Structures are given as C-alpha cells and as structure tokens.
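See below for the structure under consideration.
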Amino acid sequence: MARRKRQPIVPEAREGLDKLKAKVMREAGYNVSDQSPDDVKYEVAKDMGVQLGKGYNGQITSKDAGRVGGQIGGRMVKELIQQAKANLGKQAR
C-alpha cells in the first residue's frame, strides 16, 4: 500500500502547525528540531516502548501508532483550545 502523507485542510497552515507541535512538545520536555518537528514522534515512541523507525512501520499495531500520535496531537489540541478560550475572553470585553 502506498504511504499517504497527511496534509492539513489548509495547506498554508502547515508551517503554523509545525511551530505549534514544536512548542507543545518542548513544553512537555522533548528535544524538538525546528527543521523537522515530526521527528519528535521517535522520541515519544521510545519513551512509550514502541518500536517506531524511519520509513515503513507496518509491524506496529494501530493501537501503538495511535498512542504515539495521540500524545502529540492531544497536546496540540489542548493548546489550541486554551488559545481559543483566551481569544474568546478578549472578545467578550
């Protein structure tokens, strides 16, 4: 099966999403490269005991893949919600 590269709905948002990922994962204590913020998934996987390597990872279960991605995506969503709440508070004034 061909590997799909996930794309944001708004392609112009990629840079902002990468910056957000780097920010939240640094706050969580991970070493994140500004040039390649996606590489943080390997550190997260290692911490969780998931054997994730570069390239094809068909040997890992979808449960493990979700655990790794959930750690990253969950932190990003939490940060976006906090930002939205802060902006709503500013608009209400």
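Not measured: the values here are computed from a predicted model.
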Legend entry - Smallest separation among heavy atoms of V24 and E79, with atom names: CG1-CB, 3.6 Å
Legend entry - Min side-chain heavy-atom separation K63-V50 under 4.5 Å: no
Legend entry - Contact check, side chains of V44 and M25, non-hydrogen atoms, under 4.5 Å: yes
Legend entry - Atom pair OG/CZ of S62 and R67 - distance to nearest 0.5 Å: 12.0 Å
Legend entry - Presence of salt bridge, K23 and E27, under 4.0 angstrom: yes
Legend entry - Non-hydrogen side-chain atoms of K21 and D38 separated by less than 4.5 Å: yes
Legend entry - Q82 atom CD, over 12 foreign heavy atoms within 6.0 Å: yes
Legend entry - Whether D64 side chain and I60 backbone form a donor-acceptor pair below 3.5 Å: no
Legend entry - Charged N-O contact under 4.0 Å between K19 and D34: no
Legend entry - Joint hydrophobic cluster, V77 plus I72, side-chain heavy atoms closer than 4.5 Å: no
Inset, instruction - Would you indicate whether the side-chain heavy atoms of D39 and K54 approach each other to under 4.5 Å? - result: yes
Inset, instruction - Please indicate whether Q51 has more than 12 foreign heavy atoms, meaning atoms of other residues, nucleotides or ligands, lying under 6.0 Å from its CD. - result: no
Inset, instruction - Answer with yes or no whether the hydrophobic clustering places M48 together with V32; edges join I, L, V, M, F, W, Y residues whose side-chain heavy atoms lie under 4.5 Å apart. - result: yes
Inset, instruction - State, yes or no, whether a side-chain contact exists between Y42 and V68 at a heavy-atom distance under 4.5 Å. - result: no
Legend entry - OH-CZ distance between Y30 and R75, expressed to the nearest 0.5 angstrom: 6.0 Å
Inset, instruction - Mind checking the CG-CZ spacing from N31 to R26? Nearest 0.5 Å is all I need. - result: 8.0 Å
Legend entry - Rounded distance [0.5 Å steps], CG in L52 versus CD in Q59: 8.0 Å
